[in-house]
Amino acid sequence: MQKLYLDDLRPIPQGFVGVRSYTEFVVYIETKGFPDFISFDHDLGLEESGYDCAKWLVDYCLDHNLQLPEFEVHSQNPVGKENILALLNNFRNRNLGL
């Protein structure tokens, strides 16, 4: 199982591959393949946010006719966390016909 951990500061948990930025997130998926699980942080320093990564992921799924992988949001930013969850859950529910 391929598990991706998006966070610019926290230590990468055992069993995960870590990416620290939007650019690393995109490059990883485009070169290493689609992960089975993604754990999102929202605040990624001065660059794009975890929300931008989630939006890119939705577009990637649409472009490649893929279902979202399993995911969680470990961000301590409550608004950012809710925004990522809302985006991904709405996309998942739309694809399931809910």
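Using a 4.5 Å heavy-atom cutoff, the side chains of Pro69 and Asp36 are not in contact. Side chains of Pro35 and Ile29 form a contact here, defined as non-hydrogen atoms less than 4.5 Å apart. Counting heavy atoms from C-beta outward, Leu68 and Phe34 have side chains that stay 4.5 Å or more apart. Taking the side chain as every heavy atom from C-beta outward, Ile38 and Phe25 approach each other to under 4.5 Å. Using a 4.5 Å heavy-atom cutoff, the side chains of Lys3 and Val17 are not in contact.
By the side-chain hydrogen bond (donor to acceptor under 3.5 Å, both in side chains) test, Asp43 pairs with Asn77, sequence neighbours left out. Checked against salt bridge (charged side-chain N to carboxylate O under 4.0 Å, His left out), Asp7 has the following partners two or more places apart in sequence or in another chain: Arg10. Glu48 meets the side-chain hydrogen bond (donor to acceptor under 3.5 Å, both in side chains) test with no other residue; sequence neighbours excluded.
Judged as a side-chain hydrogen bond (donor to acceptor under 3.5 Å, both in side chains), not a single pair has a partner in residues 80-89 (not counting sequence neighbours). Applying the side-chain hydrogen bond (donor to acceptor under 3.5 Å, both in side chains) definition to pairs two or more places apart or across chains, those involving residues 17-30 are Gln2-Tyr28. The side-chain hydrogen bond (donor to acceptor under 3.5 Å, both in side chains) analysis of residues 49-64, with sequence neighbours excluded, yields the pairs Ser49-Asp52.
Under a 4.5 Å side-chain heavy-atom criterion applied to ILVMFWY residues, the cluster that includes Ile12 comprises Met1, Tyr5, Phe16, Phe37 as well.
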